[in-house]
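A short worksheet on the structure shown next.
In what follows, residues are counted from 1 in the order of the sequence shown. The structure displayed is predicted, hence computed values, not measured ones.
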Amino acid sequence: MFTVEMNFDEIEINILDDTAEHDDVKVHIFEDIVYIRQFDYDCGPIPQVIAMSPDMWNQLILAFNSPEGAFQVK
């Protein structure tokens with residue numbers, strides 16, 4: 001299951017694990033940066049964060065649907 005919320009300056013995507021084996025993943029998309037975070041409750045309520053540009057995010061999405069190989073996006 002996932003949710004998508006569109007706010008004034010941000011799109012927030014919440015991805016929930018239907019099996020409850022993994023913690024939820026949140027994606028915060030702004031105009032100039034994208035954050036992916038997941039809380040590690042074994043270490044306390046500290047989020048693990050990955051930051052990337054929107055272009056990197058778009059390349060990640062393209063990579064999910066691409067065959068094996070090296071690609072350059074123009």
Side-chain angles (χ1 to χ4, degrees):
M1 178 180 168
F2 65 90
T3 64
V4 178
E5 298 176 34
M6 296 186 184
N7 300 313
F8 172 71
D9 61 347
E10 164 192 28
I11 297 172
E12 182 179 317
I13 300 170
N14 295 294
I15 303 168
L16 294 82
D17 181 11
D18 296 332
T19 66
E21 291 182 39
H22 304 284
D23 293 322
D24 299 347
V25 173
K26 291 185 178 246
V27 180
H28 300 272
I29 304 170
F30 296 91
E31 184 176 312
D32 59 343
I33 196 163
V34 176
Y35 295 105
I36 302 173
R37 73 178 191 174
Q38 183 178 44
F39 284 91
D40 183 357
Y41 290 104
D42 293 336
C43 299
I46 300 171
Q48 306 299 310
V49 178
I50 298 170
M52 65 181 74
S53 71
D55 286 337
M56 292 170 68
W57 171 256
N58 289 332
Q59 290 181 40
L60 177 64
I61 298 303
L62 287 172
F64 286 128
N65 296 313
S66 296
E68 183 177 2
F71 302 91
Q72 184 175 15
V73 179
K74 296 184 179 188

For this session: Please report the closest heavy-atom contact between Phe30 and Glu10, naming both atoms and the distance.
Result: CE2-CB, 3.6 Å

Exercise. What pairs with Phe39 under ring-ring contact (aromatic ring centres under 6.0 Å, His included), at least two apart in sequence or on another chain?
Worked result: Tyr41

For this session: Any chance you could measure Asp23, atom CG, to Ile15, atom CD1, to the nearest 0.5 Å?
Result: 13.0 Å

Seminar exercise, completed: d(Gln38 CD, Ile46 CD1) to nearest 0.5 Å is 14.0 Å

Problem set entry | Heavy atoms of other groups near Glu5 CD, more than 12 under 6.0 Å | yes

Problem set entry | Given Ile13, Ile11, Ile29, the one that forms side-chain contact (heavy atoms from CB on, under 4.5 Å) with Val34 | Ile29

Exercise. Given side chains that start at C-beta, do those of Met1 and Asp18 come closer than 4.5 Å, heavy atoms only?
Worked result: yes

Exercise. Under a single-linkage definition using a 4.5 Å side-chain heavy-atom cutoff for Ile, Leu, Val, Met, Phe, Trp and Tyr, are Val49 and Ile33 assigned to the same hydrophobic cluster?
Worked result: yes

For this session: Could you tell me whether a side-chain N or O of Asn7 sits under 3.5 Å from a main-chain N or O of Asp9, the two making a donor and an acceptor?
Result: no

With a 3.5 Å cut-off and sequence neighbours excluded, list the donor-acceptor pairs that the side chains of residues 58-74 form with protein atoms.
{"unit_1": "Asn58", "atom_1": "ND2", "unit_2": "Pro54", "atom_2": "O", "d": "3.4"}
{"unit_1": "Ser66", "atom_1": "OG", "unit_2": "Leu62", "atom_2": "O", "d": "2.7"}

Exercise. For residues Asn14 and Glu12, is any side-chain donor paired with an opposing acceptor at under 3.5 Å?
Worked result: yes

